[in-house]
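Note on naming: letters A, B, ... go to the chains in the order of the sequence lines (proteins, then strands), and numbering restarts at 1 for each one. All of these numbers come straight from a predicted model, not from anything done at the bench.
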Amino acid sequence: NAGVMQNPRHLVRRRGQEARLRCSPMKGHSHVYWYRQLPEEGLKFMVYLQKENIIDESGMPKERFSAEFPKEGPSILRIQQVVRGDSAAYFCASSPQGGGEKLFFGSGTQLSVL
Amino acid sequence: AQSVSQHNHHVILSEAASLELGCNYSYGGTVNLFWYVQYPGQHLQLLLKYFSGDPLVKGIKGFEAEFIKSKFSFNLRKPSVQWSDTAEYFCAVQNSGAGSYQLTFGKGTKLSVIP
């Protein structure tokens with residue numbers, strides 16, 4: 001049973017470009033969470049999704065950031081018109097049900113904005 | 001809002017030394033508590049968790065943590081560290097109750113174990 005798969009592992013973008021980060025949850029998991037880790041900071045909650053639904057996006061910046069978890073395929077975190085401050089590690093986690101009891105994390109995507 | 005403090009940014013120990021990493025949280029209600037570990041180049045892995053019951057929790061790889069409610073603390077311990085314990089350790093807190101799926105993480109503590 002493969003773990004949570006995130007790709008790419010490293011993503012380099014120039015200011016103003018778009019970044020698309022992908023997360024495939026563990027098999028049988030229908031709940032996906034995105035966290036961001038800025039340099040020298042702890043992981044911060046961004047958004048919680050179930051298939052085709054955004055449950056809680058209270059941690060998402062109001063502009064330029066969006067997330068989806070379609071019926072088929074991976075969850076996507078999309079950052080439009082990236083700025084240097086978006087440089088961070090983005091972690092995805094999945095669980096078979098809501099809550100933190102059985103949360104499995106991916107290895108993260110390191111986004112670097114030049 | 002919940003906040004989590006990890007007192008040490010970087011800890012350097014020799015093999016066989018004892019380890020204690022501090023973690024304090026701010027919210028006084030009922031909480032679930034976690035320690036995660038991230039080995040170099042790998043994903044976050046759950047070391048141990050506390051939901052209720054015995055406040056002394058045993059996890060994988062010989063780690064344990066003690067929940068002290070009166071001190072809002074959940075310190076991680078290991079009696080004798082190994083070189084393979086070199087990693088970053090994150091304490092996380094979840095407010096229990098309906099809709100409480102968010103984890104609040106500390107900034108992490110980097111542990112370097114010298115052979």
Residues of residues 106-114 of chain A contacting chain B, heavy-atom criterion under 4.5 Å, by residue number: A:G106, A:S107

Neighbour count >12 (heavy atoms, 6.0 Å) for atom CZ, B:R77: yes

Side-chain heavy-atom pair B:D85, B:V37 within 4.5 angstrom cut-off: no

CD (A:Q81) with more than 12 external heavy atoms under 6.0 Å: no

Heavy-atom proximity to chain A below 4.5 Å, by part of B:Q38: side chain

Toward chain B, the part of A:Q6 with a non-hydrogen atom under 4.5 Å: neither

Identified side chain to side chain contact (heavy atoms under 4.5 Å, CB included) counterpart of A:F69 within the set A:K51, A:Q50, A:H31, A:E52: A:K51

A:D86 with A:R13: basic N within carboxylate O range, under 4.0 Å: no

Residue A:F104 versus chain B: region with a heavy atom under 4.5 Å: neither

Whether B:Y25 and B:F72 hold their rings parallel, tilted or perpendicular, with breakpoints at 30° and 60°: perpendicular

Any side-chain donor near an acceptor of the partner, B:N75 and B:S73, under 3.5 Å: no

Donor-acceptor under 3.5 Å (A:S75 side chain, A:E68 main chain): yes

Parallel, tilted or perpendicular: rings of B:F74 and B:Y50 (30°, 60°): tilted

Nearest atoms (heavy-atom pairs only) where A:M46 meets A:P61: CE-CD, 4.2 Å

Residues 3-14 of chain B: residues contacting chain A (heavy atom under 4.5 Å, by number): B:H9

Parallel, tilted or perpendicular: ring planes of B:F63 versus B:Y89, cut at 30 and 60 degrees: tilted

